[in-house]
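The structure appears below as structure tokens.
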Amino acid sequence: MADQSFDVVVIGAGPGGYVAAIRAAQLGKKVAIVERENLGGICLNWGCIPTKALLRSAEVFHLMERAKDYGLSADKIGYDLDAVVKRSRGVAKQMEGGVKHLLKKNKVEVVMGAASIPAKGKVSVKTQSGMQELTAKNIILATGARARELPGLEGDGDLVWTYRDALVPKRMPKNLLVIGSGAIGIEFASFFNTLGAKTTVVEVMDRVLPVEDAEVSAFAKKQFTKQGMVIREKTTVKKLDRSKGKVTAHLEAGGKTTTEDFDTVISAVGIVGNVEGLGLEELGIKVDRTHVVTDEFCRTGVEGIFAIGDIAGAPWLAHKASHEGVMVAELIGGGHPHAIKPNSIAGCTYCHPQVASVGLTEAKAKEAGYELKVGRFPFIGNGKAVALGEAEGFVKTVFDAKTGELLGAHMIGAEVTELIQGYVIGRTLETTEEDLMNTVFPHPTLSEMMHESVLEAYGRAIHI
């Protein structure tokens, strides 16, 4: 590298990092990005994208099994797990290549290696050929996060899997235990259960998908159980005894401990930020429970150093990281971007059925002191859902009864991860119930349920 002085150095090439680098370059800044593993980070290589490729294979397999419901026939239905995984890895590789192309197109200098910050404005990178020293007026931390490992529940790549192991499984589990029912745990449970694994999900909280609205959690549990999953709530995995081809799990619930045998365990108990080895404490950057403390504009409190994405805390979502990357780049470029509002960021879980939400749950809205208008509309009342053969699910909307503000929206059912953006835009535009009621939704679409849910909140629903 001839010139090692930059306007911006981004550490980490995940969704937040590479987007920040590209936007800064578009604004005329000289930019370098440092990545120690894969361009695109965890999301593109070991998270969002390859899991969706796996889940798509499971979805198609599920539809093939239901061929008779659609007046079709499909004989000798089966799958090749290695081929399913190979497709998933191919999708990830394609996306990584796309990021490489975008960085090159925008003249962002890529440095592969592990970075640290020895002093403000300086970045040291340990590469395969030695150390490289970079200087920059602005440094953006986008190092992401990794799976949390609890003592005794650590992954071993054989009997106990982390999400990485589960993405490239060496075998198809016969009797699977999934620890944790957040998005990661439930997505893997959904994938392996659909392909035939006897699947048990253990959740320490009192319901599955605990961050979702209580009605969504209850409906999800009912659907998962119908699909053959065993759901154990308010249960803790105290210990795993590993032996040849078998794991004995010690499960505690209601003060009693029982044991159960599994051939595979997936641990999905949260994430921790990648803050080690960067020299953050020495710089005076505050770290709280493995996450960098920032203000609403991702500033760390040390001039010229920002933190975005998972390393900067919840919500741990790739789209939040990307938006923060744009915001910080524009701030560095002299712009005046709007701060991100976490309550207007949608969460999506790609299990079967899909789950999506934005804003406050009904319970949280009540806790905040709002007087509410709540609407619900079932998939069974929607012509497109019935035609698709996907009549299980509902849309729920939560409004401030005094102002008509859309406080939250919660969905479970087919393709709701695509539908939720309508409500996200509504919240961003500070839409009221009147605006949504007066909007004409196309027919026949699943989106009509969004309209009907709003109408139902005010006693005006037509189709129920």
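The residues of the chain are indexed from 1 along the displayed sequence. Computation of the quantities below employed the complete heavy-atom set of this structure, encompassing side-chain atoms and omitting hydrogens, waters and symmetry-equivalent molecules.
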Working note: K341 + E296, criterion salt bridge (Lys or Arg N to Asp or Glu O under 4.0 Å); need CA distance, chi angles, decisive distance, verdict. CA-CA 9 Å; K341 298 177 181 177; E296 69 272 26; over 6 Å; no
For the pair V216 and M411, evaluate side chain to side chain contact (heavy atoms under 4.5 Å, CB included) and give the outcome as yes or no after the intermediate values. CA-CA 7 Å; V216 169; M411 307 176 175; over 6 Å; no
Test ring pair (Phe, Tyr, Trp, His ring centres under 6.0 Å) applied to [X] - qualifying residues, sequence neighbours left out:
X: W46; result: none
X: F399; result: Y458
X: H323; result: none
X: F394; result: F219

Taking only residues two or more places apart in sequence, or in another chain, which ones meet E282 in a salt bridge (charged side-chain N to carboxylate O under 4.0 Å, His left out)? none
Taken in chain and number order and not counting sequence neighbours, the residues that satisfy salt bridge (charged side-chain N to carboxylate O under 4.0 Å, His left out) with E433 are none
Let me check something: any side-chain donor-acceptor pairs from residues 412-424 under 3.5 Å, sequence neighbours excluded? List them with distances.
residue, atom, partner, partner atom, Å
T417, OG1, Q354, OE1, 2.7
Y423, OH, M450, O, 2.7

Going by side-chain contact (heavy atoms from CB on, under 4.5 Å), name the residues that satisfy it together with A401, two or more places apart in sequence or in a different chain. E371, K373
Identify, with sequence neighbours excluded, every residue that meets side-chain contact (heavy atoms from CB on, under 4.5 Å) alongside D400. Y370, K402, T403, E405, L407
Heavy-atom closest pair, residues [X] and [Y]:
X: H410; Y: G359; answer: CE1-O, 4.2 Å
X: P169; Y: V85; answer: CD-CG2, 3.6 Å
X: V211; Y: T361; answer: O-CG2, 4.1 Å
X: H291; Y: I271; answer: NE2-O, 4.4 Å
X: I285; Y: V302; answer: CG1-CG2, 3.6 Å
X: A20; Y: I140; answer: CB-CD1, 4.0 Å

Check whether [X] reaches the backbone of [Y] with its side chain - one donor and one acceptor, N or O, closer than 3.5 Å.
X: T127; Y: S129; answer: yes
X: R427; Y: L406; answer: yes
X: D213; Y: E362; answer: yes
X: D295; Y: F297; answer: yes

Test side chain to side chain contact (heavy atoms under 4.5 Å, CB included) applied to L176 and V265, step by step: CA-CA 6 Å; L176 171 67; V265 176; 5.9 Å; no
Any salt bridge between [X] and [Y], counting N to O under 4.0 Å?
X: E203; Y: R207; result: no
X: R376; Y: E215; result: yes
X: K246; Y: D263; result: no
X: E96; Y: R89; result: no
X: E59; Y: R56; result: yes
X: K239; Y: E260; result: no

Could you tell me whether [X] atom [atom1] has more than 12 heavy atoms of other residues or ligands within 6.0 Å of it?
X: E303; atom1: CD; result: no
X: R289; atom1: CZ; result: no
X: M205; atom1: CE; result: no
X: I184; atom1: CD1; result: no

Side-chain polar contacts of residues 326-338 - donor-acceptor pairs under 3.5 angstrom, sequence neighbours left out - could you list them?
residue, atom, partner, partner atom, Å
E330, OE2, R23, NE, 3.1
E330, OE2, R23, NH2, 3.4

Inter- and intrachain pairs under salt bridge (Lys or Arg N to Asp or Glu O under 4.0 Å), touching residues 131-154, at least two apart: D7-K137, R146-E276
List the atom pairs, donor and acceptor, that lie under 3.5 Å between side-chain atoms in residues 307-320 and the rest of the protein, sequence neighbours left out.
residue, atom, partner, partner atom, Å
W316, NE1, D310, O, 3.4
H319, NE2, A346, O, 2.7
K320, NZ, G309, O, 3.1
K320, NZ, G313, O, 2.7
K320, NZ, E324, OE2, 3.4

Applying side chain to side chain contact (heavy atoms under 4.5 Å, CB included), run through R171 and T264 and close with a yes or a no. CA-CA 10 Å; R171 65 179 183 280; T264 310; 2.9 Å; yes
